[in-house]
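First comes the structure, then the notes that go with it.
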Amino acid sequence: MLGVHILLALGVAAFAGALSPLDVVAAFLAIHVALRLAAELLGIRRYVRRLEIGTAFGLWFIAEVFKATVHVARIVLGRRVAPAPAVVRMRLARDDERIATLLGCLLTLTPGTLALDYAPQSGLMYIHVLDAGDADAVEDGVREIERRLLRWIDAGEAPPPAPSPPAPRAGEHAP
């Protein structure tokens with residue numbers, strides 16, 4: 001569906017005679033608004049939700065990378081800063097090698113962290129951290145990336161059905 005969305009944006013921009021990158025992005029956003037309004041009618045609610053959550057995740061992650069870059073620059077360029085490197089062991093929320101791989105890639109892209117290994121039998125991921133002075137803050141940061149990644153992956157999934165009330169017994173009336 002994303003490919004169709006992009007092709008529609010390119011087509012609208014070409015039809016308008018404006019194929020600059022900014023014009024294509026504007027066409028993409030305009031088509032997204034139209035798709036969002038017609039999501040129920042077209043049956044694409046899940047796609048629209050995943051696109052929005054994925055975009056929010058991407059922007060948030062870029063901001064986190066910039067913050068980590070500044071933190072690492074302070075460690076490297078600071079005169080009186082003594083980093084405390086460590087290998088942190090964490091049990092992941094979901095025991096899935098594909099999600100562990102994605103999380104490992106995201107952690108490795110973040111300056112100051114490096115995913116070393118994942119043990120699928122135990123669900124443990126080993127992460128090298130440049131400055132693990134506050135172990136709780138390190139774990140909270142990784143948990144936040146994992147939580148947001150899982151939210152994006154699970155976006156649009158139907159929630160588990162609520163348990164149905166017990167059937168009325170013979171002679172009883174349903175409330």
Side-chain angles (χ1 to χ4, degrees), residues 1-6 25 28-29 32 35-36 39-40 42-167:
M1 185 65 202
L2 181 61
V4 172
H5 195 154
I6 292 170
V25 169
F28 186 89
L29 292 174
H32 178 73
L35 290 176
R36 186 158 180 19
E40 291 296 326
L42 298 174
I44 57 170
R45 196 180 104 228
R46 181 176 178 202
Y47 163 74
V48 170
R49 180 145 173 77
R50 286 186 107 166
L51 182 65
E52 290 170 353
I53 292 173
T55 302
F57 176 81
L59 294 173
W60 172 82
F61 186 71
I62 289 169
E64 290 298 309
V65 167
F66 279 118
K67 286 195 292 188
T69 302
V70 170
H71 180 69
V72 169
R74 284 184 181 156
I75 290 171
V76 172
L77 300 174
R79 293 177 186 231
R80 294 191 176 115
V81 178
V87 173
V88 178
R89 180 180 69 172
M90 287 184 56
R91 183 172 310 283
L92 299 183
R94 191 174 297 170
D95 193 20
D96 186 347
E97 289 185 27
R98 297 171 300 172
I99 293 173
T101 301
L102 283 172
L103 184 61
C105 290
L106 291 170
L107 289 172
T108 301
L109 284 172
T110 307
T113 59
L114 176 67
L116 297 174
D117 191 20
Y118 174 69
Q121 305 84 6
S122 60
L124 292 174
M125 181 173 276
Y126 297 89
I127 305 160
H128 180 273
V129 183
L130 180 63
D131 187 18
D134 185 5
D136 291 334
V138 170
E139 186 170 346
D140 290 345
V142 174
R143 291 276 178 226
E144 183 65 15
I145 294 173
E146 181 183 28
R147 184 188 68 76
R148 288 176 182 255
L149 178 64
L150 288 175
R151 181 172 178 247
W152 180 20
I153 290 171
D154 295 338
E157 298 291 326
S164 58

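Every value quoted in this text rests on a predicted model; they were computed, and no experiment measured them. If you read the sequence from its start, that first residue is 1, and numbering goes on from there.
Residues E146 and L92 are in side-chain contact: their nearest non-hydrogen atoms beyond the backbone lie under 4.5 Å apart. When side chains are defined from C-beta on, L124 does not count as touching M90, because their heavy atoms never get closer than 4.5 Å. Residues L102 and I153 are in side-chain contact: their nearest non-hydrogen atoms beyond the backbone lie under 4.5 Å apart.
Closest approach of A115 and M125 over heavy atoms only: CB-SD, 4.5 Å. In terms of heavy-atom proximity, A68 sits nearest to P111 at CB-O, 3.6 Å. A pairwise comparison of heavy atoms in L150 and A93 identifies CD1-CB, 4.2 Å as the closest pair. Contact record, F61 with L106: CZ-O, 3.3 Å, taken as the closest heavy-atom pair.
A distance of 9.0 Å separates CG in L103 from CZ in R143, rounded to the nearest 0.5 Å. Expressed to the nearest 0.5 Å, how far CG of L130 lies from NE2 of H128 amounts to 7.0 Å. Rounded to the nearest 0.5 Å, atoms OG1 (T55) and CZ (R50) are 12.5 Å apart. The NE2 atom of H71 sits 9.0 Å away from atom CZ of R74, with the distance rounded to the nearest 0.5 Å. A distance of 7.5 Å separates CG in D117 from OH in Y126, rounded to the nearest 0.5 Å. Atom OG1 of T108 and atom CD1 of I127 lie 9.0 Å apart (nearest 0.5 Å).
In the displayed structure, R36 atom CZ is contacted under 6.0 Å by at most 12 heavy atoms of other residues, nucleotides or ligands.
Every residue meeting the side-chain contact (heavy atoms from CB on, under 4.5 Å) condition with A39, not counting sequence neighbours, appears here in chain and number order: I44, R45, V48. Every residue meeting the side-chain contact (heavy atoms from CB on, under 4.5 Å) condition with V25, not counting sequence neighbours, appears here in chain and number order: L29.
The main-chain N or O of V65 is never found under 3.5 Å from a side-chain atom of T110 such that the two would form a donor-acceptor pair. Of the possible donor and acceptor atoms, one in the side chain of T113 sits under 3.5 Å from a partner among the backbone N and O of L107.
Relative ring orientation between W60 and F57 is described as tilted, the plane-to-plane angle lying within the 30° to 60° band.
Contacts classified as side-chain hydrogen bond (donor to acceptor under 3.5 Å, both in side chains) and involving residues 84-105 (residues at least two apart or in different chains) are given here: R94-D154, D95-Y118, D96-R98.
With respect to E64 and K67, a salt bridge is recorded, a charged nitrogen being found less than 4.0 Å from a carboxylate O.
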